[in-house]
Amino acid sequence: MMPAARESLLDAAYAALARRSWSAVRMVDVAVAAGVSRQTLYNEFGSKDGLARALVRREADGYLAGVDRALAGHSDLRDRLTATAEWTTSAARENALVRAMLTGCWSERLPSPTLSAVPSTSAVPAQRRADGPLPSPGDLVTLIRDRAVTVLSAPGTPRSDTTDLSRSCELAVRLALSCVAAPPGEGNVTDLVRSALHRQSG
C-alpha cells in the first residue's frame, strides 16, 4: 500500500475522532472517507486497535518533529527552550491525542491504546512500529530533554558537562506540561519558562 493511502486513512480517522468518540468511529466510515476499501484498511492496520495505535504514533511523531523545529528555529538557548515550551502547550491545546500523551489523561472520547508493545504480525513496517511501545508522559519528557541537549550542546561535549543544560531542558518541558494540565491565569508559558531559566542561570 502506498504511504499516501495510509496517511489518508489516518487523516480520515483523525477527522472522525474530532466529530465523535472513538468508540463510535466505524472502520467502514474511515475507509469510505479515505476512498479505499474496508479490506485495504484492515490489511494496513489489522484492527481498529491497530488503527488507533498508528494514529497515536503518528501524532507523537508529529509533535516531536515540532519540538525539533522549535529547537532549530533560534540561536539563543532560552529562546529555543521557550519556543519548545510554547509549541508543547499549543500542540496540546489543538490536538487531543497529543494532550493525552503528554498528560496521561485519556478521556473516554479517545482511543486508549496500551503503551506497551503488542504482538505484531503485520507485513507493514509502519504498522510494526506502531505496534511497538508508545511513549508515556515520562518517555516524552526524556525524549524532548535528550533531543534538546543534543541540539544545544557543542559537538564533542562530554556527557558529564551537560548536567546543567539537561536540567534546564527538563525544567522547561515540565513547566510546559504543567501549563497543559493547568493553564496559567496571569502570564503565560513564555513568561514562566523565561523567568525560571533566568533564575536557574542567575
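None of the values given here were measured: they were computed from a predicted structure.
Scanning all heavy atoms of the two residues, the minimum distance from A92 to L102 falls at CB-CD1, 4.1 Å. Contact detail for Y14 and E94: the closest heavy-atom pair is OH-O, 3.9 Å. Considering every non-hydrogen atom in both G104 and P137, the closest pair reads N-CG, 3.5 Å.
Shown here are the side-chain contact (heavy atoms from CB on, under 4.5 Å) partners of T114, two or more places apart in sequence or in another chain: R53, S116, V118. Taking D49 as the reference, nothing meets the side-chain hydrogen bond (donor to acceptor under 3.5 Å, both in side chains) condition, with sequence neighbours excluded. Partners of D139 under the side-chain contact (heavy atoms from CB on, under 4.5 Å) rule, at least two apart in sequence or in another chain, are P135, S136. In this view, E108 satisfies the side-chain hydrogen bond (donor to acceptor under 3.5 Å, both in side chains) rule with no residue, not counting sequence neighbours. Evaluation of the salt bridge (charged side-chain N to carboxylate O under 4.0 Å, His left out) rule for R99 yields no partner, not counting sequence neighbours. Residues satisfying the salt bridge (charged side-chain N to carboxylate O under 4.0 Å, His left out) criterion with R57, sequence neighbours excluded, are D61. Residues passing the side-chain hydrogen bond (donor to acceptor under 3.5 Å, both in side chains) test with R58 are E7, D11, sequence neighbours excluded. Partners of D29 by salt bridge (charged side-chain N to carboxylate O under 4.0 Å, His left out), not counting sequence neighbours, listed by chain and number: R26. Annotation: side-chain hydrogen bond (donor to acceptor under 3.5 Å, both in side chains) contacts of S8 (sequence neighbours excluded): none. Taking R147 as the reference, D68 meet the salt bridge (charged side-chain N to carboxylate O under 4.0 Å, His left out) condition, with sequence neighbours excluded. Under the rule for a side-chain contact (heavy atoms from CB on, under 4.5 Å), the partners of S21 that lie at least two apart in sequence or sit in another chain are S23, A24, R109.
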Contacts table for residues 170-181: side-chain donor-acceptor under 3.5 angstrom, sequence neighbours left out:
{"unit_1": "E170", "atom_1": "OE1", "unit_2": "R145", "atom_2": "NH1", "d": "2.9"}
{"unit_1": "E170", "atom_1": "OE2", "unit_2": "R174", "atom_2": "NE", "d": "2.8"}
{"unit_1": "E170", "atom_1": "OE2", "unit_2": "R174", "atom_2": "NH2", "d": "3.2"}
{"unit_1": "S178", "atom_1": "OG", "unit_2": "L175", "atom_2": "O", "d": "2.6"}

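Side chain of E44 to backbone of V124: no donor-acceptor contact under 3.5 angstrom is found.
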